[in-house]
Amino acid sequence: MFLKFKKEVTEVLEDSLNELDLDVDDLGIEEPRDIADLASTLPFSISSILGEDPSVVGEKIVAKIDLGELKYISDVKFKEPGYINFYVDEGKLRQMIFDILEEPKKFMELEDKDEKIILEHTSANPTGPLHIGHLRNALIGDTLARILERAGYSVETQYYLNDLGRQMALLLLGVRKFGLQKSGKGDHEIGELYKRSNNFVDDSDEGDIELIMQKFEQGDEDVLDELDSIVNYCFEGIQKTLSRLNIKHDQVVKESKFVEENRLSEVIDSLEPNLEESDGSLQLNFQDMDKELVLKRSDGTSVYALRDLAYHKWKNKRGSMLDILGADHKLYSKQLVKALELMDIDSPEIIIFEFVSLPEGGMSKRKGQFISADELIDKVQKAAFDEVSGKRQEKNQEWKEKIADLVARGAIRYDFIKVAPKKPIKFNIKKAVDLNEQGAPFIQYSFARATSILDNSDLGSISTQEIDSLDNERSKELLKLISKMPSELKKAAEKKRPHYFAEYVFELASKFNEFYRDVPVLQAGNANEKKARLLLVRAFKLVMEEAINILGFEAPEEM
RNA sequence: GGGCCCGUAGCCUAGUCUGGACAAGGCGACAGCCUUCGGAGCUGUAGAUCGGGGGUUCAAAUCCCUCCGGGUCCGCCA
């Protein structure tokens, strides 16, 4: 609905430019808060071309617009010193309610894009539990996948499991030395063991580690089986953690796949002219970058980069690629893109997110210094349970746990997703656990309130006339914001910025709370008003539920 | 040292890509709001040299230059 309004504004402005015989690319359309529904700063930019005052140009444009021919624009006004303000048609806005009620999916989903996106995210090494840095990656990736799906793309999410390499050889050695208890959660046990192994190894173990890596490369079945059971043990734990936050991957791709299927030599071949041997190792040189990329060690074994190139080559056959990577991969990702270009493979789009650090400094799996995702979830869940127990004492244990679980999941997801990926996060566990600081419970509460109103009402039959009584300011504001859901979704999808959408959902909840306070629904002045307001609440509920689901948590009917 | 990223009220963040109308929220502080639908809510007040300086522009948090803080990368690690 808002998109149609915007389209009409665009057309009107383009027509005006045609009449003035001007060719300007940027129509200067913006969404000013509270001033107008849409505005254009066109008078400023074309006044210098025409040599006239912005107000003269602006008035001229406005005067030529024929409101009678327009469906979604109800009014146009020039405003000093050079703005053209557009106002949306309120009748159309009210009609939108019926569109939502009849076909909510159609209202909220954008048209099919006929493009498949392979979105790789999380991809943490199976050397321990996920920490809150990995969580940022996983949540950006998972939320973006949900946004892109609703925006009409076909999305396949992948976890690239780095089950080879030096750190895995070291881990294998550690397991041989210390053994596995197989008692608790695999990722946490492996994490402890990995830390212990790092502390334990010295130069005398170097030979063993190299030998294990050689066996990986040769495809030694015994060693690979041994390794595989360790990797799976750890990864089961990781997946369990992810599922606690509603994160799942469509595919898990093991790095070893590309060694076993002998895909590495193809990559080497296609890069041949740019390769160079150096002390027995194999390097890729770039003309426009002075940092080379090592593909093979001098003992002939492959390094991560080579296997990753094979992975991307394979991925690219399935669709266009989107990778979520931490800021430490910035340089590497540039090299990756350049290498793929040399291989004549499409470049992946790469979203870089900055680090999550603790007040005492950076996190390290090797040193065992981090806050695990499980620890965070446990703590927030406990805080949520205490909160729910205090507020809803009459409810039973099972219900409280269920609600605490969904509130905690929302709180964590929203907390991570609301901030722009490029911002570094200094993680404050106290704030993360304080539900008053969190946006998600606020959002969920607005939904529960809407549900409560509807539960206490009987909508009865619907006719189209009653809706016209919906003309108070709060209702109109709420309607306008609801109408923007598809365009907000589109923006977040196009820019690949989940936090844009998170911001919108918060505003929507906030707007509903204002409506709730000021506009009585069940006690409305007359039957028509009551019905109209109930319809609005119902439309809000449908849109909000979808919005919350896009953010990857649950909308509780009561909490 | 070089590259990249960040710096917006006491604290956390949006806005920076695409320059426009009073810099927008949340937490905390202070003052209010339950004879109406759930107070995990709402209203109001105080609080901002948009890191500093220069430049471009009719217009700069936003673009350019420079300096200062902080982070990160510059592995035959992943």
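Everything quoted here is computed from the prediction, not taken from an experiment. Letters A, B, ... mirror the listed sequences (proteins, then strands); counts begin at 1. All values below were derived from every heavy atom in this structure, side-chain atoms included, with hydrogens, water molecules and symmetry-related copies excluded.
- Spacing between atom NZ of A/Lys530 and atom P of B/U36 amounts to 16 Å, rounded to whole angstrom units.
- Among the atoms of the strands shown, base atoms are found under 4.0 Å from some heavy atom of A/Arg392.
- Using modelled atom types, one finds no donor on one side chain facing an acceptor on the other under 3.5 Å when comparing A/Ser389 with A/Asp386.
- No contact: A/Asp299 has no heavy atom under 4.0 Å from any strand.
- Residue A/Val519 is in base contact, counting any heavy-atom pair closer than 4.0 Å across all strands shown.
- If you check every strand for non-hydrogen atoms under 4.0 Å, A/Lys296 touches nothing.
- Contacts of A/His329 with the nucleic acid, taken as non-hydrogen atoms under 4.0 Å apart, include base atoms.
- Checked against the 6.0 Å centroid threshold, A/Tyr332 and A/Tyr304 count as a close aromatic pair.
- Of the N and O atoms on the side chains of A/Asn285 and A/Glu292, not one donor lies less than 3.5 Å from an acceptor on the other residue.
- Nucleotide B/G70 holds its P atom 24 Å from the CZ atom of A/Phe427, rounded to whole Å.
- Looking at heavy-atom distances under 4.0 Å, A/Tyr445 makes contact with a base.
- With B/A78, B/G38, B/A14 as the choices, the nucleotide that has an atom nearest any side-chain atom of A/Asn456 turns out to be B/G38.
- Screening A/His121, A/Gln158, A/Lys315 for a side-chain hydrogen bond (donor to acceptor under 3.5 Å, both in side chains) involving A/Asp323 leaves a single residue, A/Lys315.
- Taking the nucleotide of RNA chain B with the nearest heavy atom to each of A/Ala39 and A/Tyr304, the more 5' of the two is matched to A/Ala39.
- Contact annotation for A/Asp415: no contact, since no heavy-atom pair falls under 4.0 Å across all strands.
- When the nucleotides B/G39, B/C27, B/C74 are ranked by their closest atom to the side chain of A/Glu437, B/C27 comes out on top.
- For A/Phe235 and A/Tyr159, the distance between ring centers is under 6.0 angstrom.
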Exercise. Dot-bracket, RNA chain B: Watson-Crick or G-U, under 3.5 angstrom, [ ] crossing, | other strand?
Worked result: (((((((..((((......[...)))).(((((.......))))).....(((((..]....))))))))))))....
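- Residue-to-nucleotide contacts include no donor-acceptor pair under 3.5 Å from the side chain of A/Asp163 to the base of B/A78.
- In this structure, A/Glu30 places its CD atom 15 Å from P of B/A24, rounding to the nearest Å.
- A/Ser298 contributes a side-chain N or O that forms a donor-acceptor pair with the base of B/C76 under 3.5 Å.
- Within the nucleic acid shown, A/Phe506 comes within 4.0 Å of sugar-phosphate atoms alone, with no base atom in reach, counting heavy atoms only.
- Protein atom NZ of A/Lys511 is 9 Å distant from nucleotide atom P of B/U43, rounded to whole Å.
- In the set B/A21, B/A78, B/G38, B/G38 carries the atom at the smallest distance from any side-chain atom of A/Arg449.
- Summarising the geometry, the separation between NZ on A/Lys491 and C1' on B/U16 is reported as 13 Å, rounded to the nearest angstrom.
- Computed from coordinates, the A/Glu292 CD to B/C76 C1' distance equals 10 Å when rounded to whole Å.
- Contacts of A/Ser278 with the nucleic acid, taken as non-hydrogen atoms under 4.0 Å apart, include base atoms.
- Seen from the ring of A/Phe353, A/Lys422 does not count as a face-on cation partner, given the 6.0 Å and 45° thresholds.
- Residue A/Val294 places its side chain closer to B/C76 than to any other of B/C42, B/A21, B/C76.
- Within the 4.5 Å cutoff, the side chain of A/Ile140 has no heavy atoms near those of the A/Phe416 side chain.
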For this session: Could you walk me through whether A/Leu309 and A/Leu271 pass side-chain contact (heavy atoms from CB on, under 4.5 Å), step by step?
Result: CA-CA 11 Å; A/Leu309 285 169; A/Leu271 288 169; 4.0 Å; yes
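- Under the 90° criterion around 0 for the glycosidic angle, B/C22 counts as anti.
- Using a 4.0 Å heavy-atom distance criterion, A/Glu507 is classed as making no nucleic acid contact.
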